[in-house]
Amino acid sequence: MTSPADQSAVRGETTSAPGEASAPLGRVLVELRDQIDALRFTLDVPGADEAVLAAREIRDQLEDYVLPRVRQAATPLLAVLGGSTGAGKSTLVNSLVGSRVSGTGVLRPTTSSPILVCNPEDFDWFMGADGRPPGVLPTMGRVEGPAPDAVVGDQLVVIRTEAVPRGLALLDSPDFDSLFDDHYEFATKLMAAADLWICVTTAARYADAQVWRMLERAREQGASLGVVLSRVQPGPGEEIAGHFTEMLTERDFGEVPRFDIPETTVVDSRLPEETISGIRAWLLELAENAEARDEVIVETLGGVLDSFRTRIPQLAKRVEEQVDRRDRLARDAESAYSTALAELDEATRNGSLLQGEVLARWQDFAGTGDLLRALHLRRGRATAPKGSARRRRSAPRVHALKAALRSALEALILAAAEQGAEQAVQRWQSDAPGRFVLGDLADQLGHVSPELPRRITRAVSAWQDRVLELIRTEGVVKRSLARVVSFDDEALSVVLMVGILGYGTSDVVVEGGTSAVPQRLLKSLFGAESLRGMSSKAKADLRKRVTMLLDEESLRFSQAIDQVDIPDESLAVALYQATYNLEVAR
């Protein structure tokens, strides 16, 4: 007899026979299962719900079917009967077994719990024994039958009977079109754990979309298939059966074994033997012919592993969509603060900052002569000493102007941060993922952090100190004036701040009709090149400090994103790598 591995080699397949899988394949499958366990589709983006279902289906199929199949040899074939409500699945199971093991009736649905019927020799495989988990569906609860009318929730009823040959088990699943969500979940879960899936439909419902969706799902997941058309009436039923065959062929199911069951009288929940003889002979052949049985198992296992070539990358793409949406949320927040920073930059260039109190203090300082007194003309050795009364008299106005500049700049930065926070929240509130991340943080994130005003005060004071340092270290008076001019460092640092913040960009005339343009004064003292250097460094320093403040505020939004456990791109990369590793291990 040819072994399953030899059969695979003849067909050009790489899938090992049950129990013959290499250790690397088992490790790769366990790693894949663990990676899928770690997946989170947190954000409500298109396709997220489908991704959750797909991930759960792949995970269940790995745990319920693939791993048991690659770990143990000589296991029985599991045939799952699934179909629409009232299709006659339970009646067919009872008929094949020869006794009533699954409930039937006019009330729907009648199969509340899945019923598995197996030979006593195979009972331990399906039920679990000696501390070993069941060989299939290990995560599902178990109860030993018979219990045809029991309603036991999500537990599997396992019945042993000599009527089922060794090497074959039949499982009657809940209806896949049931109104009960848990019944649908059972049907799809059981189908994914089957070596052979038998779709049972009726002459009245064979064209239903749900029937074809389930057939497509079975094919996508690699299951071997069989199809039963029940309740076929004589005469008109032949035309229906022919149309069903055409539909199967058009959808590339033409090679699937198909059986017709005529409309007949059901006695004691069973069909007449002659109506099911074809199905019985087919299943007995699979049970008694080890080669045929192993071929079905190998083909199904290979089909499932083949399906992972597309299903896993599709799952990775869904993860990437989560990552992309997370990145877009981060960009939205960053963009809001970038816009606020750009508007702040413009406000510090165009002179709009120098209004109100600042303008009044500037006019008081420049228009009353204190600006000129900050410069001292030397006549011989009669140079005004640093501690002179004249210099001390100018200090209060200098300090007042400096304080007004600091307050105005602090208010401007605070307003920019507030604007950034408001815009970031508004952008996040415009779609579902953003609203989800915001949660109950909208009010908090929509305003600046409580400690920001203190940080702004420290940053602006540090900047003013930096400007003073530039005057002292780089403000070299031109040689032509050095012998006759000395100046007050602090006063000129304030003048430089005024010039940097845009004063003089428009024609402003102070008291007395004198145009006081700081740039002209500073240029006459230091020269254009030296002034450009100091101004450039002072502007860059201010922008750096402001950018750092806004970045720290923006970080609150990044932290909000991190708190909701959105997947990162490493998970998608790991899934792509798992697909490659699986191919190598096979």
A.B. asks: Suppose we screen for side-chain hydrogen bond (donor to acceptor under 3.5 Å, both in side chains). Which residues come up paired with R311, at least two apart in sequence or across chains?
C.D. replies: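 For R311, the residues satisfying side-chain hydrogen bond (donor to acceptor under 3.5 Å, both in side chains) (neighbours in sequence not counted) are Q61, S307.
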A.B. asks: Under the side chain to side chain contact (heavy atoms under 4.5 Å, CB included) rule, collect the residues that match up with T310, sequence neighbours excluded.
C.D. replies: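 If we apply the side chain to side chain contact (heavy atoms under 4.5 Å, CB included) test to T310, skipping adjacent residues, the hits are Q314.
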A.B. asks: Let me have the donor-acceptor pairs involving side chains of residues 43-52, under 3.5 Å, with sequence neighbours excluded, atom names and distances please.
C.D. replies:
none

A.B. asks: With T201, which residues qualify under side-chain hydrogen bond (donor to acceptor under 3.5 Å, both in side chains), at least two apart?
C.D. replies: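 For T201 there are no side-chain hydrogen bond (donor to acceptor under 3.5 Å, both in side chains) partners, ignoring immediate neighbours.
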A.B. asks: Once side chain to side chain contact (heavy atoms under 4.5 Å, CB included) is applied, do any residues pair with T579, and if so which ones, sequence neighbours excluded?
C.D. replies: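 Expected list: I312, P313.
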A.B. asks: Suppose we screen for ring pair (Phe, Tyr, Trp, His ring centres under 6.0 Å). Which residues come up paired with F308, at least two apart in sequence or across chains?
C.D. replies: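 Residues passing ring pair (Phe, Tyr, Trp, His ring centres under 6.0 Å) with F308: none at all.
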A.B. asks: Name each donor-acceptor pair under 3.5 Å that joins a side chain in residues 548-562 to protein atoms two or more places apart or in another chain, with its distance.
C.D. replies:
{"from": "E552", "atom 1": "OE1", "to": "R455", "atom 2": "NE", "distance (Å)": "2.9"}
{"from": "E553", "atom 1": "OE1", "to": "S449", "atom 2": "N", "distance (Å)": "3.0"}
{"from": "E553", "atom 1": "OE2", "to": "S449", "atom 2": "OG", "distance (Å)": "2.4"}
{"from": "E553", "atom 1": "OE2", "to": "R455", "atom 2": "NH2", "distance (Å)": "3.0"}
{"from": "R556", "atom 1": "NE", "to": "E553", "atom 2": "O", "distance (Å)": "3.2"}
{"from": "R556", "atom 1": "NH1", "to": "Q444", "atom 2": "O", "distance (Å)": "3.4"}
{"from": "R556", "atom 1": "NH1", "to": "H447", "atom 2": "O", "distance (Å)": "2.9"}
{"from": "R556", "atom 1": "NH2", "to": "Y337", "atom 2": "OH", "distance (Å)": "3.4"}
{"from": "R556", "atom 1": "NH2", "to": "L445", "atom 2": "O", "distance (Å)": "3.4"}
{"from": "R556", "atom 1": "NH2", "to": "H447", "atom 2": "O", "distance (Å)": "3.0"}

A.B. asks: Considering residues at least two apart in sequence or located in another chain, which fulfil the side-chain hydrogen bond (donor to acceptor under 3.5 Å, both in side chains) criterion with E343?
C.D. replies: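 In terms of side-chain hydrogen bond (donor to acceptor under 3.5 Å, both in side chains), with neighbours along the sequence ignored, E343 is linked to Q419.
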A.B. asks: Who pairs with E357 by side-chain hydrogen bond (donor to acceptor under 3.5 Å, both in side chains), at least two apart in sequence or on another chain?
C.D. replies: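 R361.
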A.B. asks: Using side chain to side chain contact (heavy atoms under 4.5 Å, CB included) as the criterion, list what pairs up with A169, not counting sequence neighbours.
C.D. replies: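 Partners of A169 by the side chain to side chain contact (heavy atoms under 4.5 Å, CB included) criterion, ordered by chain and then number, come out as L78, L116, C118, F126.
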A.B. asks: Let's go through Q423 and R427 carefully: what are the C-alpha distance in whole Å and the side-chain angles of both, what is the deciding distance for side-chain contact (heavy atoms from CB on, under 4.5 Å) to 0.1 Å, and is it a yes or a no?
C.D. replies: CA-CA 6 Å; Q423 290 186 354; R427 295 183 186 192; 4.1 Å; yes
A.B. asks: Under the rule for salt bridge (charged side-chain N to carboxylate O under 4.0 Å, His left out), what residues qualify as partners of D34, not counting sequence neighbours?
C.D. replies: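 Checked D34 against salt bridge (charged side-chain N to carboxylate O under 4.0 Å, His left out); zero matches.
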A.B. asks: Assess whether side-chain contact (heavy atoms from CB on, under 4.5 Å) is satisfied between L170 and I115, documenting all intermediate values.
C.D. replies: CA-CA 8 Å; L170 301 177; I115 308 293; over 6 Å; no
A.B. asks: Could you tell me which residues satisfy side chain to side chain contact (heavy atoms under 4.5 Å, CB included) with K317, sequence neighbours excluded, listed by chain and number?
C.D. replies: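 Partners of K317 under the side chain to side chain contact (heavy atoms under 4.5 Å, CB included) test: E320, Y576.
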A.B. asks: I need the minimum non-hydrogen distance between L190 and V80, along with the two atoms involved.
C.D. replies: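 Heavy atoms only, the tightest pair is O-CG2, 3.6 Å.
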A.B. asks: Going by the salt bridge (charged side-chain N to carboxylate O under 4.0 Å, His left out) test, name the single residue among K537, R545, K544 that passes it with D541.
C.D. replies: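 The passing option is R545.
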A.B. asks: CD of E451: more than 12 outside heavy atoms within 6.0 angstrom?
C.D. replies: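 More than 12 heavy atoms, drawn from other residues, nucleotides or ligands, come within 6.0 Å of this atom.
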